[in-house]
Novice: 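Dropping the structure in here first, questions after.
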Amino acid sequence: MIRTVESQPAASAPVLAAYSYCETVTGQQARNFAYGIRLLPTPKRRAMSALYAFSRRVDDIGDGPLPQDVKVARLEDTRTLLTRIREGAVEEDDTDPVAVALSHAATHFPIPLGGLDELIDGVQMDLRGETYETWDDLKVYCRCVAGAIGRLSLGVFGTEPGARGVERASEYADTLGLALQLTNILRDVREDAENGRTYLPADDLAKFGCSDGFAGPTPPQGSDFAGLVHFEVRRARALFAEGYRLLPMLDRRSGACVAAMAGIYRRLLDRIERDPEAVLRGRVSLPGREKAYVAVRGLSGLDTRHVSRRTVGRRA
């Protein structure tokens with residue numbers, strides 16, 4: 001069982017400033033993530049913002065315009081910084097606000113910081129231009145860049161005392177991360193292709209005649225692109241269904257956060273399923289009012305109650 005504390009001693013001014021910086025980064029750059037973490041109590045919200053800001057830094061190194069050798073060096077610098085955070089070697093007056101905030105969060109929550117090492121590993125896989133023959137191969141990558149984030153977040157959320165099946169909470173958090181990442185991959189399939197990256201498994205691409213890639217706004221000649229998308233959507237839905245079993249193990253506001261973030265991606269998946277070729281024409285997204293509705297639904301606990309009833313029904 002993972003426990004966290006809702007209240008913390010008052011933080012110093014430098015730490016509060018560092019958290020404020022991380023929350024600004026999150027609010028400005030996290031299109032979907034921010035809707036969920038707004039539902040958390042202040043200590044958890046700040047900790048999640050620190051995690052996001054650090055993760056965003058890693059992603060920006062991988063996706064930015066810097067030369068390859070500079071990216072590699074900066075990722076190693078970031079890994080060295082993570083080691084300092086893990087060892088408690090970052091002072092409150094350090095000039096790096098992300099390091100200050102994350103170091104403070106890690107002293108108040110049981111955050112498995114090794115997950116951020118995995119994220120760096122995943123971005124290094126991108127830099128090497130790795131491709132994936134099978135879903136099992138792709139899962140390794142997804143676990144690094146998204147499953148690890150699920151497990152890190154669980155360190156902040158904690159689990160409820162006496163929750164059934166809590167020993168599998170980390171597994172469910174990891175699986176939910178995979179579901180979100182596969183949805184991302186489907187949404188960004190053309191953008192990634194334009195950047196020279198292919199994530200969908202080669203076996204799946206070949207099965208549906210899509211091995212030539214996605215260089216334009218229309219599917220490859222003679223392919224069954226819709227079939228490919230529907231196949232991956234079903235895989236993502238199965239991951240969501242498994243990962244949602246985490247919800248009854250969380251307190252109300254942490255469960256609302258997870259339900260909101262996952263709910264936004266599930267609705268993205270619905271849109272992609274209805275119009276598969278939309279992902280080749282541009283980025284599929286949800287309007288703000290729909291994201292807000294999903295957040296309210298998460299706070300109401302509807303998804304958690306639904307999962308609880310389904311789980312009880314399976315045991316009956």
Novice: Determine whether a donor-acceptor pair (N or O, by modelled atom type, separation under 3.5 Å) exists between the side chain of H104 and the backbone of V100.
Specialist: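 No, the answer is negative, given that no donor and acceptor are paired below the 3.5 Å cut-off.
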
Novice: Under 4.5 Å between side-chain heavy atoms, counting indirect links through other Ile/Leu/Val/Met/Phe/Trp/Tyr residues: same cluster for F231 and V233 or not?
Specialist: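 Yes: a chain of side-chain contacts under 4.5 Å links F231 to V233.
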
Novice: If you round to the nearest 0.5 Å, how far is CG of L102 from CG of L152?
Specialist: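 L152 CG to L102 CG: 9.0 Å, rounded to 0.5 Å.
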
Novice: Between D204 and R235, does at least one N-O distance fall below 4.0 Å, as a salt bridge requires?
Specialist: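 Salt bridge between D204 and R235, a charged N being under 4.0 Å from a carboxylate O: yes.
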
Novice: Is a side-chain N or O of D192 found less than 3.5 angstrom from the main chain of V189, in a donor-acceptor match?
Specialist: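 Not confirmed, D192 side chain does not pair with V189 backbone.
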
Novice: Using only atom types and a distance under 3.5 Å, with no angle test, would you say the side chain of S20 pairs donor to acceptor with the backbone of A17?
Specialist: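 Not a single qualifying donor-acceptor pair exists.
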
Novice: Which atom names give the shortest non-hydrogen contact between Y19 and A101, and what distance separates them?
Specialist: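 The pair with the smallest heavy-atom distance is OH-O, 3.5 Å.
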
Novice: Is it the case that the side chain of R253 and the backbone of L39 share a donor-acceptor pair, with hydrogens and angles ignored and the cut-off at 3.5 Å?
Specialist: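 Here the side-chain-to-backbone pair exists.
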
Novice: Rounded to the nearest 0.5 Å, how far does OG1 of T198 lie from CG of L205?
Specialist: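 Here the interatomic distance stands at 7.0 Å.
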
Novice: I want to check something: taking the side chain as every heavy atom from C-beta on, are D251 and T159 in contact at a cut-off of under 4.5 Å?
Specialist: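 Side chain of D251 against side chain of T159, heavy atoms only: no contact under 4.5 Å found.
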
Novice: According to a hydrophobic-cluster definition based on side-chain heavy atoms being under 4.5 Å apart (Ile, Leu, Val, Met, Phe, Trp, Tyr only), do L127 and V58 belong together?
Specialist: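 Per the 4.5 Å side-chain linkage, L127 and V58 are co-clustered.
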
Novice: Between N195 and E191 (side chain of the first, backbone of the second, donor and acceptor by atom type, cut-off under 3.5 Å), is there such a pair?
Specialist: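 Checked: pair present.
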
Novice: Look at the aromatic rings of F214 and F225 and report parallel, tilted or perpendicular, splitting at 30° and 60°.
Specialist: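 Aromatic pair F214/F225 classed perpendicular.
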
Novice: For the ring pair Y141 and Y132, is the centre-to-centre distance below 6.0 Å?
Specialist: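 Ring centres of Y132 and Y141 closer than 6.0 Å.
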
Novice: Give a yes or no on whether a salt bridge exists between R237 and E273, defined as a side-chain N under 4.0 angstrom from a carboxylate O.
Specialist: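 Between E273 and R237 there is a salt bridge, with a charged N closer than 4.0 Å to a carboxylate O.
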
Novice: OG1/T131 to CE/M125 distance, rounded to the nearest 0.5 angstrom?
Specialist: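 Answer rounded to 0.5 Å: 10.0 Å.
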
Novice: Would you please say whether a donor-acceptor pair under 3.5 Å links the side chains of E242 and T175?
Specialist: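 No pair is found: no donor N or O on one side chain lies under 3.5 Å from an acceptor on the other.
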
Novice: How close do S285 and R271 get, heavy atom to heavy atom, and via which atoms?
Specialist: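 Scanning both residues completely, I find the closest heavy atoms to be O-NH1, 3.2 Å.
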
Novice: Is R289 atom CZ crowded by more than 12 heavy atoms from other residues, nucleotides or ligands, each under 6.0 Å away?
Specialist: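 No - once you tally the heavy atoms of other residues, nucleotides and ligands closer than 6.0 Å, there are 12 at most.
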
Novice: Got a donor-acceptor contact below 3.5 angstrom from the R190 side chain to the R281 backbone?
Specialist: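 Flag not set: sc R190 to bb R281 has no pair under 3.5 Å.
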
Novice: Side chains of Q124 and E76: is there a donor and an acceptor less than 3.5 Å apart?
Specialist: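 Short answer, yes.
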
Novice: With no hydrogens and no angle check, is any side-chain donor or acceptor of T26 less than 3.5 Å from a backbone partner on C22?
Specialist: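 Between the backbone of C22 and the side chain of T26 there is a qualifying donor-acceptor contact (under 3.5 Å).
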
Novice: Rounded to the nearest 0.5 Å, how far apart are OG of S153 and NZ of K44?
Specialist: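 Rounded to the nearest 0.5 Å, the OG-NZ separation comes out at 11.5 Å.
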
Novice: Considering only NZ, NE, NH1 and NH2 on the basic side and carboxylate oxygens on the acidic side, decide whether D126 and K71 come within less than 4.0 Å.
Specialist: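 So D126 does not pair with K71 through a salt bridge.
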
Novice: Validate the cation-pi geometry between R38 and Y35: distance from NZ or CZ to the six-membered ring centre under 6.0 Å, angle to the ring axis within 45°.
Specialist: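 Positive - R38 is close enough to the ring of Y35 and near enough to its axis.
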
Novice: Under a 4.0 Å threshold between the charged nitrogen and the carboxylate oxygen, would R74 count as salt-bridged to D77?
Specialist: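 No, D77 and R74 are not salt-bridged.
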
Novice: Would you indicate whether the side-chain heavy atoms of C142 and I185 approach each other to under 4.5 Å?
Specialist: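 They are in contact (side-chain heavy atoms under 4.5 Å apart), so the answer is yes.
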
Novice: Assess whether a salt bridge exists between E118 and R143, defined as any Lys/Arg side-chain N lying under 4.0 Å from an Asp/Glu carboxylate O.
Specialist: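 The answer is no: the pair does not qualify as a salt bridge.
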
Novice: Hey, are D63 and R56 close enough for a salt bridge, meaning a charged N less than 4.0 Å from a carboxylate O?
Specialist: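 A salt bridge is absent here (no side-chain N lies under 4.0 Å from a carboxylate O).
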
Novice: Do L40 and L16 sit in one hydrophobic cluster, given that two such residues count as connected whenever their side-chain heavy atoms are within less than 4.5 Å of each other, even indirectly?
Specialist: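 No, L40 and L16 fall in different hydrophobic clusters.
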
Novice: Would you indicate whether the side-chain heavy atoms of D96 and V90 approach each other to under 4.5 Å?
Specialist: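 Counting from C-beta outward, V90 and D96 never come under 4.5 Å.
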
Novice: Working to the nearest 0.5 Å, report the span between CZ of R187 and CG of L180.
Specialist: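 It is 10.0 Å, given to the nearest 0.5 Å.
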
Novice: Establish, for the pair R266 and Y244, whether the NZ or CZ atom is under 6.0 angstrom from the six-membered ring centre and no further than 45 degrees off its axis.
Specialist: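 Yes, a cation-pi geometry holds between R266 and Y244.
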
Novice: Do L66 and V123 land in one hydrophobic cluster if side-chain heavy atoms of ILVMFWY residues count as linked below 4.5 Å?
Specialist: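 No, no single cluster joins them.
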
Novice: Under 4.0 Å between a side-chain nitrogen and a carboxylate oxygen: does that hold for D224 and K207?
Specialist: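 No.
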
Novice: Is the closest basic N to carboxylate O distance between R84 and E91 below 4.0 Å?
Specialist: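 Answer for the salt bridge query: no.
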
Novice: Would you give the length of the straight line joining atom CG of L250 to atom OH of Y172, rounded to the nearest 0.5 angstrom?
Specialist: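 Rounded to the nearest 0.5 Å, the CG-OH separation comes out at 12.5 Å.
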
Novice: Run the salt-bridge test on R86 and D117 with the 4.0 Å N-O cut-off and return the result as yes or no.
Specialist: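 Yes, this pair counts.
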
Novice: Taking D174 as the fixed residue, which of K139, R168, R151 is the one that meets the side-chain hydrogen bond (donor to acceptor under 3.5 Å, both in side chains) rule?
Specialist: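 Output: one option passes, namely R151.
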
